[in-house]
Each structure stands twice: as structure tokens, then as C-alpha cells.
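One structure is given here, and the rest of the page talks about it.
Just so it is clear, the model here is predicted, and its values are computed rather than measured. Throughout, a chain's letter reflects where its sequence line sits, starting with A, and its residues are numbered from 1.
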Number of protein chains: 2
Amino acid sequence: MSAAPDLQPAFRALADPTRRDILKRLSAREMTLAEITAHCDMTRAAVKKHLVVLQDGNLIQMRRSGRETLSSLNADALKPVVNWLTYFESFWDTHLGALHDTLSDLKDTELEDKE
Amino acid sequence: MSAAPDLQPAFRALADPTRRDILKRLSAREMTLAEITAHCDMTRAAVKKHLVVLQDGNLIQMRRSGRETLSSLNADALKPVVNWLTYFESFWDTHLGALHDTLSDLKDTELEDKE
DNA sequence: TAAATAGGATACCAAATGGAATCATTTTAG
DNA sequence: CTAAAATGATTCCATTTGGTATCCTATTTA
């Protein structure tokens, strides 16, 4: 059996909106530092730091190709995070009398959330 | 339709292990500041600050009862967070050839995770 | 090979964060 | 009524964090 993952680096990495945005962009394709920076409204060095934090959380990998470094998403690392949160699923809606359908709520949120 | 929730305060609140621990404890029952502090190995004032951050993320509510304040979990506020993360579900296991059964992986993680 | 590209590595800064200490306020127990 | 209990509010401090500016190294490519 594998050891329990340390959730802290992943939760830490997810706590910044710039980093969450980078994750979404990397879900489309792997990108160079310059490409990511083009969307981030901050310097290359600042974006690089965010990438290191994401790497610490194991949420991305980086591979060198010639003079550029490609960052790619490691979505699997989100599984333990989702699992931690899923523990609370049984407490949803308790104070409202469980009138809402959880699945339809989730779908609504997905459509509305612009982040 | 409701407005898209701002995920930042919730992700921020979840980024600290003490706060995640408090959430787990509050899932059992509402607790006073003194009760929570008894488990936290830090001063009452420090725990109080964590409670305020959790409240900012809408993850808990506080109600005054006489001279004590009861904090209780608002698990519903985790739904948008889970939903944001669920977007990445379609990217799980992609680099491994999708050999793993996602559900069994989640179950394993749940059993192992001690946090 | 020389110049332009793409990153890495540091040093430095202001602001946010985690925590302790202290003092004030409200309730409840005698 | 008075003291103890429970919390709130404020201040202060060290560390971390998000960012910029700079300098350095490795690749391309004209």
C-alpha cells in the first residue's frame, strides 16, 4: 500500500488564483514559461516561482526540451484533494433539509463559474 | 441564476492544516472556541483568527449563545471548490493510459489519509 | 562565432500571515 | 454584587509570500 499523500503542498498551490489559472491553461496543452507568462500580467520570474510551487504540490511536471522548458499538468495529484473534500459530502445541505439535488447544484455551479 | 461564487476565500481557508483540522472536528458537532483550542496547541487568539478566516470563506458560521460562541460547519461552501476541481477529472490518468479505476483509487486514498 | 532567445538563480521589498501577549467586555456562578 | 469564565479586540513580532530587478547560463540561428 502507498503512503498517505501530504496534502499541504497541493492545498498550498491551489490557494493562489494565478496558479489555479495556470492549471486550467495547462489542461489544454503543455506550455513554455514564456507562453504562460503571456497570460499572467507579471514578470517571467514571478510566473516561474508559481510554477515551482505547483511543482512542489506535484500538480505539474516540467521537462527541458532544447532551450525551453515545457510545463504540463499532473491532474492525478488532485485526486487526494478531491477525496479529502469528499469526506464532507455527507454534511451537505443538512441545515436546509436536503431539498436540493446535489448533482443539479454542481452542474449549475460549473456553468456559472468563470474562474 | 445565482452569481458565480468567489472561490478565493474558500481556497485560502483550506490552505492551512490547522484550519482543515478544525473543519473535520466541526463536522462532528458545533464547538466553542475553548473546545477547539483544546486540540490545537496554540493560543485562543490564534485559533480565533483561524475561525475568522474560515468564516470569510463561508466554511463555518458562528452563533453567540450566552457567553460562548458556537462555531459550526457550513459544508455546502465546499461544493463550488469540489466543482472547480472536478473540471480536471477528465484529465486524470491520461499519461498512464487510464489503467487505474478512479473509484478504487479514491477509496484507497480515503482509507490511508490520516489528515 | 555573435547576437538573440529561453530560462535559471539571486537579492531585495512590501504586504500578508501565523502566532503570542495583553486588555476590555459580557455572562454566569456564588 | 463580585469573581471567574469565555470571548472579542488590539498590538506587536517573525516568517512567508508574491513580485520586481538583475545577472548568468544554455541554445539557437543568422
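- Looking at every heavy atom in both residues, A:R19 comes nearest to A:A13 through NE-O, 2.8 Å.
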Report all interatomic pairs (protein N or O, nucleotide N or O of nucleotides 28-30 of chain C) with separations under 3.5 Å.
none

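- Rounded to an integer number of Å, the gap from CD1 of B:I36 to P of D:dG8 is 10 Å.
- D:dG8 atom P lies 11 Å from atom CD of B:E68, rounded to whole Å.
- Between the CD atom of A:E35 and the C1' atom of C:dA6 there is a distance of 12 Å, rounded to whole Å.
- Panel note: side chain B:T86, backbone B:E89; no donor-acceptor pair is recorded below 3.5 Å.
- Using a 4.5 Å heavy-atom cutoff, the side chains of B:R12 and B:V53 are in contact.
- For the pair A:T69 and C:dA6, the criterion of a side-chain N or O lying under 4.0 Å from OP1 or OP2 is not met.
- In this structure, CG in B:L78 is found 10.0 Å from CG in B:N58, a value given to the nearest 0.5 Å.
- Side-chain contact between A:L14 and A:L23: present, with at least one pair of heavy atoms (C-beta onward) separated by less than 4.5 Å.
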Listed pairs under 3.5 Å, donor-acceptor, residues 38-49 of chain A side chains, sequence neighbours left out:
from: A:T43; atom 1: OG1; to: A:A46; atom 2: N; distance (Å): 3.3

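- Atom CE of B:M31 and atom P of D:dT7 are 11 Å apart (whole Å).
- Annotation: the span from A:R29 atom CZ to A:S72 atom OG amounts to 12.5 Å, rounded to 0.5 Å.
- Atoms NZ (B:K48) and P (C:dA20) sit 16 Å apart, rounded to a whole Å.
- You'll find the side chain of A:L59 stays beyond 4.5 Å of the side chain of B:F88, heavy atoms only.
- Between the CD atom of B:Q55 and the C1' atom of D:dA9 there is a distance of 15 Å, given to the nearest Å.
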Protein within reach of the bases, or only the backbone? For nucleotides 10-21 of chain D, mark each nucleotide 5' to 3' as B, S or -, using heavy atoms under 4.0 Å. -------SSBBB
